[in-house]
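Encoded as structure tokens, here's the structure I'll be asking about.
Lettering of chains follows the sequences in order, A, B, ..., and the numbering in each one begins at 1. All values reported here derive from a predicted model rather than from experimental measurement.
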Amino acid sequence: MGSNPSRGLLGVMMAFETVRGMRDLPPELARKKQKIEEICKQTFERYGFEPLDTPIVESLELLTKKGSAGEAIENEIYAFEDKGGRKLGLRFDLTVPLARFVASSRSLQIPFKRYQIGKVYRYDRPQAKRYREFTQADADIIGVSSVLAELELISLSYDIIKELRIEAKLALNSRKLLESIAIASGVKRDQLSDCFRIIDKVSKVGWDEIEKELCSKKIRPDILDIIKRNDLEYAKKVILSSEQCDNGLERLNDLLRYVKIIGLSDFVNVDLSLARGLDYYTDIVMEIKSLDGTSIGGGGRYDGLIEKYGGKSTYATGISFGIDRMLDTIFDKIISKETMVKAFVAVVRNEDFDEALKVVTKLRSMGMNAEFDLMHRNISKNLEYASRKGIPYFIIIGPKELSERKVKLRDMKTGKERYFNLSDIEKIKETL
RNA sequence: GCUGCGGUGGUGUAACGGUAGCAUACGGGCCUGUGGAGCCCUUGGUUUGGGUUCGAAUCCCAGCCGCGGCCCCA
């Protein structure tokens with residue numbers, strides 16, 4: 001088919017489909033996605049984060065600013081020119097727009113805690129769980145140097161994961177520490193970026209494979225021995241014996257101590273191989289992985305980014321959740337087969353239809369989600385419709401009921417039926 | 001952007017190079033006011049464009065889309 005409408009043999013117009021890498025969500029999935037977003041939003045707000053809304057379109061210059069996201073992601077930017085010849089692009093994350101906002105805000109109250117849930121775009125090869133348009137939920141704390149900021153992020157991550165009933169763990173590491181270990185084991189400064197990228201793949205390809213890769217790039221593989229142990233005490237000894245000073249170890253230990261205090265030690269694992277791809281991370285990095293290994297969120301500290309966008313040097317740390325990834329992993333764990341519709345109103349005879357209209361209007365004015373038969377189908381079909389759609393209550397208006405100025409309310413689950421007077425429909429809502 | 005595999009109604013499947021069929025979903029009907037059932041009926045398909053052939057879902061080439069890998073990442 002192709003993304004343009006094509007013509008079949010008889011010149012008949014074929015239907016459009018979504019463009020490559022983008023998808024429609026049918027009601028069942030859209031409902032779940034909304035539910036996930038809602039949980040994120042409520043959690044963020046419970047922790048005192050405020051919403052920020054920024055444009056999807058940014059200047060290409062901002063998005064490609066060197067030293068921010070890294071070269072690799074530049075190839076993934078959806079870029080285009082507008083009619084005025086301005087070079088623009090679609091945001092590939094929510095952190096860069098935030099940094100722009102902060103950099104250009106003169107009077108931000110610190111700490112600035114903001115959240116944002118929105119679509120982002122990356123022009124890469126679509127595969128399962130990889131889309132060119134996807135939704136992220138971001139929470140960031142600006143202006144705080146203490147790892148208490150990271151603690152907040154970890155804590156809210158736990159709350160979200162728990163509420164979604166996803167089985168996942170949070171991996172934690174420090175780029176500074178990793179850097180110190182690398183330098184101490186003979187990796188040259190200009191090899192760090194490559195080195196980290198390779199190490200980050202361990203869980204995917206295994207130790208032997210990355211050792212080969214390191215060697216092929218002429219990077220000394222000694223670092224692997226340290227990382228393999230995944231032992232902070234051992235790492236400490238290695239670093240202390242060299243001349244690395246600001247190694248991030250202390251901060252990582254502080255954070256772990258706090259994590260223990262709030263009882264999340266089981267949720268958080270130190271993983272010395274965690275590096276993460278984006279270049280703007282400077283210290284603590286974290287990643288949330290579900291048990292099947294897919295990454296559903298990640299983040300870390302990016303203390304240098306805001307300055308790069310013309311602001312003053314500012315501490316910053318944040319986390320971002322991949323809503324679509326969560327949606328794909330949850331799939332049917334959140335049972336939301338029921339529609340938001342609470343009641344369906346149907347008549348037995350068409351001539352009583354006006355009464356149904358009045359009743360449904362009344363229900364809606366009370367704030368109740370209600371539907372009625374738009375198609376004049378018979379009662380049996382309507383029951384079937386309501387049943388399949390999972391509407392919990394069915395209101396029947398027939399000659400028997402009307403002769404007593406009543407309606408019948410049927411509980412679709414139990415089959416129990418009760419009568420209500422037409423004059424006090426309000427009572428229906430109270431009793432549900 | 002590079003690379004391997006794939007593509008039949010909405011969904012799931014069948015068809016030696018020779019009549020595109022089945023199931024399910026959707027829509028309609030019956031059961032004459034109580035549902036997820038049953039019976040009957042309708043609609044709807046070979047990803048697109050070329051080529052080979054008397055004849056292509058089937059073979060060849062290209063595009064599109066999907067899946068996996070590289071790259072990277074949510």
Side-chain angles (χ1 to χ4, degrees), chain A residues 1-9 12 14-24 26 36 69-77 92-95 117-138 168 194 196-198 200-201 204-205 209 213 275-279 287-290 294-299 319-329 337 344 346-350 352 375 377-402 408-417:
Chain A
M1 258 161 275
S3 51
N4 288 321
S6 49
R7 290 178 187 278
L9 284 175
V12 177
M14 312 289 279
F16 281 105
E17 53 183 36
T18 59
V19 307
R20 187 166 159 89
M22 311 208 177
R23 58 172 178 172
D24 293 323
I36 296 170
E71 275 177 44
I73 210 154
E74 278 188 40
N75 302 321
E76 298 186 356
I77 293 175
F92 55 82
D93 71 5
L94 298 173
T95 307
I117 300 172
K119 290 193 167 172
V120 299
Y121 300 81
R122 288 182 200 175
Y123 195 91
D124 64 354
R125 190 130 208 280
Q127 272 162 35
K129 296 186 179 178
R130 278 173 82 169
Y131 308 98
R132 288 183 171 183
E133 176 189 74
F134 57 97
T135 304
Q136 287 194 326
D138 259 52
D194 279 343
F196 291 168
R197 196 178 320 122
I198 293 166
D200 201 47
K201 289 193 288 193
K204 224 176 172 183
V205 298
E209 190 57 40
E213 260 192 73
R276 296 189 51 76
L278 268 47
D279 281 352
E287 180 155 347
I288 301 165
K289 281 185 186 169
S290 71
T294 53
S295 168
I296 55 179
I319 192 156
S320 118
F321 301 88
I323 302 283
D324 293 84
R325 286 279 173 85
M326 288 170 159
L327 183 65
D328 287 351
T329 41
K337 278 190 177 164
F344 190 99
V347 292
V348 174
R349 303 176 311 182
N350 268 338
D352 300 326
M375 299 179 73
R377 293 197 273 208
N378 65 36
I379 192 94
S380 175
K381 274 276 189 271
N382 280 323
L383 276 161
E384 192 179 327
Y385 172 85
S387 164
R388 277 202 240 196
K389 222 176 142 179
I391 299 172
Y393 296 98
F394 196 95
I395 292 167
I396 299 168
I397 303 175
K400 282 187 221 158
E401 288 80 7
L402 283 178
K408 186 148 74 180
L409 176 81
R410 181 180 168 86
D411 183 324
M412 295 294 276
K413 274 198 189 108
T414 64
K416 282 183 186 165
E417 297 179 340

* Asked: Checking all strands, does G21(A) fall into the base, sugar-phosphate, or nothing category for heavy-atom contacts under 4.0 angstrom?
  -> sugar-phosphate
* To do: Find which nucleotide of RNA chain B each of R276(A) and A128(A) is nearest to by heavy atoms, and output the residue with the more 5' nucleotide.
  => A128(A)
* Asked: Do E76(A) and Y123(A) have side-chain atoms, one donor and one acceptor, less than 3.5 Å apart?
  -> no
* To do: Mark yes or no: R23(A) above the aromatic ring of Y131(A), with NZ or CZ under 6.0 Å from the six-membered ring centre and no more than 45 degrees from the axis.
  => yes
* Partner of I296(A) under side-chain contact (heavy atoms from CB on, under 4.5 Å), chosen from D324(A), T329(A), I323(A) -> T329(A)
* Watson-Crick/G-U partner (both atom distances under 3.5 Å) of rG1(B) -> rC70(B)
* Structure fact -> Between S295(A) and R325(A) the two heavy atoms that sit nearest each other are O-NH1, 2.8 Å
* **Whole-Å P distance, rC22(B) and rC59(B)** => 24 Å
* Side-chain donor/acceptor contact of R125(A) with base of rC70(B) under 3.5 Å -> no
* Y131(A) near the nucleic acid: base, sugar-phosphate alone, or nothing, with a heavy-atom cut-off under 4.0 Å? -> base
* Footprint string (nucleotides 26-33 of chain B, 5' to 3'): B base within contact, S backbone only, - free, heavy atoms under 4.0 Å -> S-S----B
* Any side-chain N or O of R20(A) under 4.0 Å from OP1/OP2 of rG66(B)? -> yes
* To the nearest Å, how far apart are I77(A) CD1 and rC71(B) P? -> 20 Å
* Asked: Within less than 4.0 Å of OP1 or OP2 of rC70(B), is there a side-chain N or O belonging to K201(A)?
  -> no
* rG33(B) pairs with, by Watson-Crick or G-U criteria that keep both distances under 3.5 Å -> none
* Asked: Can you tell which of rC71(B), rG35(B), rA74(B) lies closest to the side chain of R122(A)?
  -> rA74(B)
* **Distance under 6.0 Å and angle within 45° of ring axis: R122(A) vs F134(A)** => no
* Asked: Does rC72(B) have OP1 or OP2 sitting under 4.0 Å from an N or O in the side chain of R197(A)?
  -> yes
* Output field: ring centroids F344(A)/Y393(A) closer than 6.0 Å -> no
* Rounded C1' spacing from rU52(B) to rG9(B) in Å -> 29 Å
* Nearest-Å distance once atom C1' is located in both rU8(B) and rA15(B) -> 10 Å
* Given the P atoms of rC30(B) and rG66(B), what is the spacing between them in whole Å? -> 44 Å
* To do: Sticking with atom P, work out how far rU43(B) lies from rC5(B), rounded to a whole angstrom.
  => 40 Å
* **Distance between C1' atoms of rU46(B) and rA14(B) (Å, rounded)** => 12 Å
* Can you tell me how far C1' in rU11(B) sits from the matching atom in rG45(B), rounded to whole Å? -> 12 Å
* **Residue-phosphate contact under 4.0 Å: Q127(A) side-chain N/O, rG66(B) OP1/OP2** => no
* Ring-base stacking, F134(A) with rA74(B) (5.5 Å, 30° cut-offs) -> yes
* Asked: Between F196(A) and R276(A), is any pair of side-chain heavy atoms under 4.5 Å apart?
  -> no
